[in-house]
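Bear in mind the structure is a predicted one, so any value in this text is a computation, not a measurement. One-based numbering along the sequence shown. As the structure lists them, so they are numbered: ligands from 1, and atoms in each ligand from 1.
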Amino acid sequence: MENFLNEFSLEGRVALVTGAAYGIGFAIAEGLASAGAKIAFNCRSEHHLEKALADYKEAGIDARGYICDVTHEDEVVAMVKAIEKDLGPVDILVNNAGIIKRIPMVEMSVEDFRQVVDIDLNSAFIVAKAVLPHMIEQRRGKIINICSMMSELGRETVSAYAAAKGGLKMLTKNIASEYGEYNIQCNGIGPGYIATPQTEPLRERQPDGSRHPFDSFIMAKTPAGRWGTPKDLIGPAVFLASPASDFVNGHILYVDGGILAYIGKQP
Ligand code: NAP
Ligand code: GCO
């Protein structure tokens with residue numbers, strides 16, 4: 001049997017990672033590049049784009065960056081066309097772009113709720129719809145949706161986010177169901193609590209230097225006893241983007257240090 005590790009190679013593949021200017025998306029893009037993929041990424045901010053291009057270059061990655069708001073279908077279609085011209089058709093899509101608003105539901109405006117669902121759920125439909133035709137034509141494709149603990153669990157103040165991430169789990173399963181016959185695999189990655197700008201407010205030291213209460217809470221809920229880092233997601237992403245996972249479809253791979261398995265440390 002030839003070296004099975006070749007099954008994890010992404011040589012010759014084009015990967016689009018949305019919202020990959022920093023955070024989880026940047027780490028996943030770095031990992032896919034290290035496995036051989038050509039990288040395209042997007043974000044909304046010119047400033048973020050310029051900084052990210054410099055960061056990718058420093059990491060030795062010739063990434064192509066695009067300004068594109070993933071909630072705007074016209075911008076997404078134009079971006080996918082530009083990627084096809086610059087790098088080739090998209091073989092691997094990672095729907096990573098996302099936001100969170102932590103507001104008690106009864107205080108949350110409909111506009112805020114709609115914005116979170118638009119970015120965290122509707123955009124995954126929009127971008128997947130833009131890349132699926134080529135994947136169908138070539139009878140091969142990988143779509144990875146970045147879900148969450150909130151695809152399975154609720155908590156105070158994150159009603160919109162949980163609704164969106166729960167919907168993203170089922171969109172993942174539906175794309176897998178509808179397009180599996182074309183050798184397209186659609187899976188999710190469900191990160192636990194990861195140290196990125198998105199969770200900074202939950203980790204800030206208190207004025208007296210003590211841990212943020214939520215930080216202590218997560219320590220007690222995570223068997224690994226630590227916050228995840230974006231690099232913890234690289235292996236799962238390369239696996240789900242590679243031929244090694246060609247018979248894995250509609251699965252949400254939770255990368256959470258054991259949170260979903262654990263009742264929590266006794267106080
Ligand atoms: P982050 O640090 O806040 O980064 C979010 C990225 O998405 C940024 O690059 C942002 O760039 C981009 N973005 C936001 N809205 C966009 C839009 N409408 N169009 C295009 N790009 C957009 O977040 P993160 O912690 O890396 O999280 C990345 C993904 O993982 C999200 O889907 C998040 O829900 C999920 N997740 C995070 C955690 C965690 O603990 N951190 C755990 C589970 C799941 P611009 O602002 O420049 O557009
Ligand atoms: C929160 C956090 C979480 C994480 C992640 C957990 O406020 O609870 O932001 O939602 O971002 O989604 O998987």
Side-chain angles (χ1 to χ4, degrees), residues 16-30 40-53 55-56 63 65-73 75-76 79 94-104 114-124 126-127 144-169 171-172 188-204 212-215 217-218 221-222 226-233 236-237 252-260:
L16 167 59
V17 186
T18 67
Y22 47 83
I24 287 172
F26 184 91
I28 287 178
E30 266 191 312
F41 75 98
N42 74 293
C43 57
R44 294 164 299 182
S45 145
E46 283 286 353
H47 169 66
H48 290 162
L49 184 81
E50 293 314 314
K51 168 91 174 50
L53 286 169
D55 292 342
Y56 279 111
Y66 305 83
I67 294 294
C68 171
D69 184 326
V70 290
T71 64
H72 298 164
E73 188 172 29
E75 291 183 32
V76 169
M79 173 178 67
V94 181
N95 278 313
N96 168 77
I99 65 166
I100 192 167
K101 289 179 185 278
R102 302 182 182 94
I103 305 167
R114 284 199 174 115
Q115 186 190 18
V116 173
V117 172
D118 208 16
I119 295 172
D120 293 8
L121 174 58
N122 298 346
S123 72
I126 291 169
V127 186
I144 301 169
N145 294 324
I146 306 301
C147 296
S148 162
M149 296 287 94
M150 276 60 215
S151 297
E152 301 294 343
L153 303 170
R155 83 172 186 85
E156 299 80 4
T157 76
V158 296
S159 59
Y161 186 84
K165 292 298 187 178
L168 187 59
K169 174 176 76 170
L171 177 63
T172 301
I189 289 176
Y193 280 81
I194 312 294
T196 72
Q198 190 241 51
T199 55
E200 267 167 12
L202 306 176
R203 291 179 283 109
E204 281 166 356
H212 189 293
F214 196 90
D215 183 357
F217 170 67
I218 289 303
K221 289 289 285 180
T222 311
R226 66 176 175 86
W227 283 73
T229 70
K231 289 194 184 307
D232 286 318
L233 300 165
I252 311 299
L253 177 52
Y254 287 101
V255 185
D256 65 355
I259 293 177
L260 288 180

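Among all non-hydrogen protein atoms, the one lying nearest atom 1 (P) of ligand 1 is Tyr22 CE1, 3.7 Å. Of all protein heavy atoms, the one closest to atom 33 (C) of ligand 1 is Tyr161 OH, 3.6 Å. At the shortest separation from atom 19 (N) of ligand 1 among protein heavy atoms lies Val70 N, 3.1 Å. Of all protein heavy atoms, the one closest to atom 18 (N) of ligand 1 is Asp69 OD1, 3.0 Å. The nearest protein atom to atom 10 (O) of ligand 2, hydrogens excluded, is given as Tyr161 CE2, 3.2 Å; this is a heavy-atom distance. Ser148 OG, 3.6 Å is the protein heavy atom nearest to atom 5 (C) of ligand 2. Ranking protein heavy atoms by distance to atom 9 (O) of ligand 2, first place goes to Arg102 NH2, 2.7 Å. The protein non-hydrogen atom at the shortest distance from atom 2 (C) of ligand 2 is Tyr193 CE2, 3.3 Å. Nearest non-hydrogen protein atom to atom 5 (C) of ligand 1 is Gly98 O, 3.6 Å.
Using a 4.0 Å cut-off to heavy atoms of Arg155, the atoms of ligand 2 that qualify are 1 (C), 7 (O), 8 (O). Those atoms of ligand 1 with a heavy atom of Ala21 less than 4.0 angstrom away are 9 (O). Below 4.0 Å from some heavy atom of Met149 lie the following atoms of ligand 2, by number and element: 6 (C), 13 (O). Distances below 4.0 Å separate heavy atoms of Met150 from the following atoms of ligand 2: 10 (O). Of all atoms in ligand 2, numbered sequentially from 1 with element shown, those under 4.0 Å from a heavy atom of Gln198 are 4 (C), 9 (O), 11 (O).
Of the candidates Ala97, Gly192, Ala195, it is Ala97 that places a heavy atom closest to atom 21 (N) of ligand 1. Checking Ile24, Ile28, Asn96 against atom 29 (C) of ligand 1, the nearest heavy atom belongs to Asn96. When Glu46, His72, Gln198, Glu200 are ranked by how near their heavy atoms come to atom 3 (O) of ligand 1, first place goes to Gln198. In this structure, of Ile218, Ile146, Ile119, the residue bringing a heavy atom nearest to atom 30 (O) of ligand 1 is Ile146.
The shortest side-chain heavy-atom distance between Leu260 and Leu153 falls under the 4.5 Å cut-off. Residues Asp215 and Trp227 form a side-chain contact, since some pair of their non-hydrogen atoms from C-beta on lies under 4.5 Å apart. Looking only at side-chain heavy atoms (C-beta outward), Asn42 and Val70 come within less than 4.5 Å of each other.
Using a 4.0 Å cutoff on heavy atoms, Met150 does not count as a contact of ligand 1. Ligand 1 is never approached by Thr18 to a heavy-atom distance shorter than 4.0 Å. Between Cys68 and ligand 1 there is a heavy-atom distance shorter than 4.0 Å.
The shortest N or O to N or O distance between Tyr193 and ligand 1 is not under 3.5 Å. For ligand 1, one of its N or O atoms has an N or O atom of Thr196 under 3.5 Å away. In terms of polar-atom proximity, Gly23 is not counted as a contact of ligand 1, lacking any N or O under 3.5 Å from an N or O of the ligand. Considering both main-chain and side-chain atoms, Thr71 never comes within under 3.5 Å of ligand 1 through any nitrogen or oxygen pair. Polar contact with ligand 2: present for Gly192 (N/O pair, distance under 3.5 Å). When only interatomic distances are considered, the shortest N/O to N/O separation between Gly19 and ligand 1 falls below 3.5 Å. Distances between N or O atoms of Phe214 and those of ligand 2 include no value under 3.5 Å. When only interatomic distances are considered, the shortest N/O to N/O separation between Ile194 and ligand 1 falls below 3.5 Å. An N or O contact shorter than 3.5 Å links Arg44 to ligand 1 by distance. Between His48 and ligand 1, at least one pair of N/O atoms sits closer than 3.5 Å. Considering backbone and side-chain atoms together, Cys43 places no N or O closer than 3.5 Å to any N or O of ligand 1.
Shown here for Cys147 and Pro191, the closest heavy-atom pair between the two residues is O-CD, 3.5 Å. When all heavy atoms of Gly228 and Arg226 are compared, the pair lying nearest together is CA-NH1, 3.6 Å. Closest of all the heavy-atom pairs between Asp69 and Glu75 is N-OE1, 2.7 Å. For the residue pair Ile189 and Pro236, the shortest heavy atom distance occurs at CD1-C, 4.0 Å. Heavy atoms only, all atoms of each residue included: Gly192 and Ile259 are closest at CA-CD1, 4.4 Å. Closest non-hydrogen pair, Ala237 versus Ile28, comes out as CB-CG2, 3.8 Å.
Considering OG1 of Thr172 and CD1 of Ile146, their distance stands at 9.5 Å, rounded to 0.5 Å. Separating the CD1 atom in Ile144 from the CD1 atom in Ile252 is a distance of 11.0 Å, to the nearest 0.5 Å. The CD1 atom of Ile99 sits 6.5 Å away from atom CZ of Arg44, with the distance rounded to the nearest 0.5 Å. Taking OG of Ser148 as the start and CG of Asp256 as the end, the distance is 10.0 Å to the nearest 0.5 Å. Lys169 NZ to Ser151 OG: the interatomic distance, rounded to the nearest 0.5 Å, is 6.5 Å. The CG atom of Asn95 lies 8.0 Å from the CG atom of Leu16; values are rounded to the nearest 0.5 Å.
Residue-environment remark: CD (Glu200) exceeds the threshold of 12 foreign heavy atoms within 6.0 Å.
Of all the heavy atoms of Cys147, the ones lying under 4.0 Å from any atom of ligand 1 belong exclusively to the backbone. Contacts between Leu202 and ligand 2 below 4.0 angstrom, taking non-hydrogen atoms only, involve the side chain exclusively. Residue contacts with ligand 1, taken as heavy atom pairs separated by less than 4.0 Å, involve Thr199 solely via side-chain atoms from C-beta onward. In Pro230, neither the side chain nor the backbone holds a heavy atom less than 4.0 Å from any atom of ligand 1. For Met149, no heavy-atom contact with ligand 1 is shorter than 4.0 Å.
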Quick one, Asn96 with Ile24, criterion side chain to side chain contact (heavy atoms under 4.5 Å, CB included). Give me CA distance, side-chain angles, the key distance, then yes/no.
CA-CA 8 Å; Asn96 168 77; Ile24 287 172; 3.5 Å; yes
Tell me, with the steps shown, if Tyr254 and Glu152 meet side chain to side chain contact (heavy atoms under 4.5 Å, CB included).
CA-CA 10 Å; Tyr254 287 101; Glu152 301 294 343; 2.6 Å; yes
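Ring geometry for Tyr56 against Phe41 counts as tilted: the plane angle lies between 30° and 60°, on a 0 to 90° scale.
The side-chain contact (heavy atoms from CB on, under 4.5 Å) test applied to Arg102 returns Ile100, Arg155, Thr157, Val158, Gln198, Thr199, Pro201, Leu202, not counting sequence neighbours.
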